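Reading through the structure tokens given below for one structure.
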2 protein chains.
Amino acid sequence: MKHTYEYSRAALTVDCVVFGFDGGALQVLLIRRGLAPFKDHWALPGGFVRVEETLDAAARRELEEETGLKDLFLEQLYTFGTVNRDPRERVVSVAYYALTKPADHTTAASTDAAEARWFPVSDIPPLAFDHAEIFATALARLRGKLTYQPVGFELLPPKFTLTQLQLLYESVLGTHIDKRNFRKKVLSHDLLIPLKEQHREGAHRPAQLFRFDPVKYERLKKKGFLFEI
Amino acid sequence: MKHTYEYSRAALTVDCVVFGFDGGALQVLLIRRGLAPFKDHWALPGGFVRVEETLDAAARRELEEETGLKDLFLEQLYTFGTVNRDPRERVVSVAYYALTKPADHTTAASTDAAEARWFPVSDIPPLAFDHAEIFATALARLRGKLTYQPVGFELLPPKFTLTQLQLLYESVLGTHIDKRNFRKKVLSHDLLIPLKEQHREGAHRPAQLFRFDPVKYERLKKKGFLFEI
DNA sequence: TGACTTCGTGTTAAAAATACACATTACTTC
DNA sequence: GAAGTAATGTGTATTTTTAACACGAAGTCA
């Protein structure tokens, strides 16, 4: 069915920058394009917004279709609207960034839509369209956000050690953090619940496992909380 | 000339939240709609994005057309895309917020496009569409931004006193700030240049005038500067 | 010249951030 | 089963930052 309008209209898409953390380095999820333009180039997952769905819904739908990921932390990033972003026609893209836990990664592998792969953020291939710019914007946003809001948990498995959390902060922010000071600060927010379990790995003392308290998180969020590191 | 597409497309608009400061209270610029829907309601200035212009350009063009304001500080805020924002059809709006100085206000009055008026942010009338939500988002963003980036200058005339700057911070943030501590902190950023002039008003000691140093501002911006108050 | 009003300034106490080192625990190996 | 290995977990002293607080100076007006 054709649709006709008085004036020429831009096409509207969403693109998602999905971050993951593998314990060592921050990763981003890219898909290989199967169609022109930029066929066989790596690109951010995304696609056209349908006329009856919200932008957030479009982002979630495209993510699930293209990567198999769902129920992840997702926030709008910025809208990219330069005139020649897409060689075919005027396309305006609402970019999102998403954070996901390693437990969900396996789901990502089982997609059949397109080839999807994690790349370390320090070494990503050339990207289609203006996706390199979108990616850079997302990374900057993540770095900024991490220092004052407790989003780091979204990148870790449900149970994690303080060392894992610290490694995450260090690799996203690219800095070294003192272990004692980091622990003091994180625990002072009273957002982590120590579990009875421990994490055993290697020939050394096991580490206390924690989980993140979503109830306290919601309470903090309502009063414009800070979570400074 | 008609344009036909395979799938139904959303219309794309920009809306602008323009803040001004009159020395006493933070103001926002609204226009009265001349056409349905929401005829005679107050609304944010804005309009359709043309297919050959960027989003930023559309925001600036609409602002000038509807309010006469140009060359102001303008940043993208958020994109609003719920399905029934507009009763006519699907409309996705890229919202911007803008800051302007009193000197430019007179220009705004001389518009012939539509009735445009400043309202104190503490007392705005019911707004058309979801513009109340857009406005609230913009105000929250401005408050957040003011505390760590030197955007306050954009709301003041080129020459201003420290008391004026403090009043601006106090009225945007809704807090009281200690005069001595405020001055110490602001001057410590080394971004203000004292002028040889003084501001005389009333039967009391005149105040030192300052201007803002755009060169140092650019330098700071490049290294992801902070301007904490 | 005295009253009035806003401008401009310095110090001290409290809180937060930073720097820094070693005993603990469990596994492995001999 | 004793010794070695490797990461965990913890406390204090110092520096820096923030917060609280009061009064003389400069100009106008009556």
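Sequence lines set the chain letters: A, B, ... in the order given, protein chains first and strands last, and positions in each chain run from 1. Since the structure is predicted, the reported quantities are computational estimates derived from the model, not experimental observations.
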Would you mind writing out the side-chain donor-acceptor pairs for residues 196-211 of chain A within the sub-3.5 Å range, not counting sequence neighbours?
unit_1, atom_1, unit_2, atom_2, d
Glu197(A), OE1, Lys159(A), NZ, 3.4
Glu197(A), OE2, Lys159(A), NZ, 2.6
His204(A), NE2, Glu201(A), O, 2.5

Could you list the donor-acceptor pairs under 3.5 angstrom formed by side chains in residues 133-141 of chain B, with sequence neighbours left out?
unit_1, atom_1, unit_2, atom_2, d
Thr137(B), OG1, Glu133(B), O, 2.8
Arg141(B), NH2, Leu77(B), O, 2.6

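Minimum heavy-atom separation, Leu63(A) to Cys16(A): CG-SG, 3.8 Å.
The CZ atom of Phe182(B) sits 20 Å away from the P atom of dC21(D) (whole-angstrom rounding). Spacing between atom CD of Glu201(B) and atom C1' of dC29(D) amounts to 15 Å, rounded to whole angstrom units. Whole-Å rounding puts the Glu197(B) CD to dA26(D) P distance at 20 Å. In this structure, Leu162(B) atom CG and dT6(C) atom C1' are separated by 13 Å, rounded to whole Å. The separation between Lys185(B) atom NZ and dT9(C) atom P is 19 Å, rounded to whole Å. If you measure from atom CD of Gln208(B) to atom P of dG27(D), you get 12 Å, rounded to the nearest angstrom.
Among the protein residues, Thr163(B) comes within range of the sugar-phosphate backbone only, with heavy atoms under 4.0 Å from sugar or phosphate atoms but none that close to a base.
One finds the CD atom of Glu62(B) at 13.5 Å from the CG atom of Leu69(B) (value rounded to the nearest 0.5 Å).
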| task | Take nucleotides 10-17 of chain D nucleotide by nucleotide from the 5' end and write B, S or -, depending on whether a protein heavy atom sits under 4.0 Å from the base, only from the sugar-phosphate, or from neither. | result | BBB-----
| request: Sugar-phosphate atoms are those with a prime plus P, OP1 and OP2; base atoms are the rest. Using that split, label each nucleotide of nucleotides 23-30 of chain C B, S or - for protein heavy atoms under 4.0 Å, 5' to 3'. | output: -BBBBS--
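A salt bridge (charged side-chain N to carboxylate O under 4.0 Å, His left out) check over residues 161-173 of chain B, counting only residues at least two apart or in different chains, returns nothing.
Because its NZ or CZ atom is both nearer than 6.0 Å to the ring centre of Phe119(A) and within 45° of the ring axis, Arg117(A) counts as a cation-pi partner of that residue.
Using a 30° and 60° split on the angle between ring planes, Phe129(B) and His131(B) fall in the tilted class, from 30° to 60°.
Listed by chain and number, the residues in a side chain to side chain contact (heavy atoms under 4.5 Å, CB included) with Ala57(A) are Glu53(A), Thr54(A) (sequence neighbours excluded).
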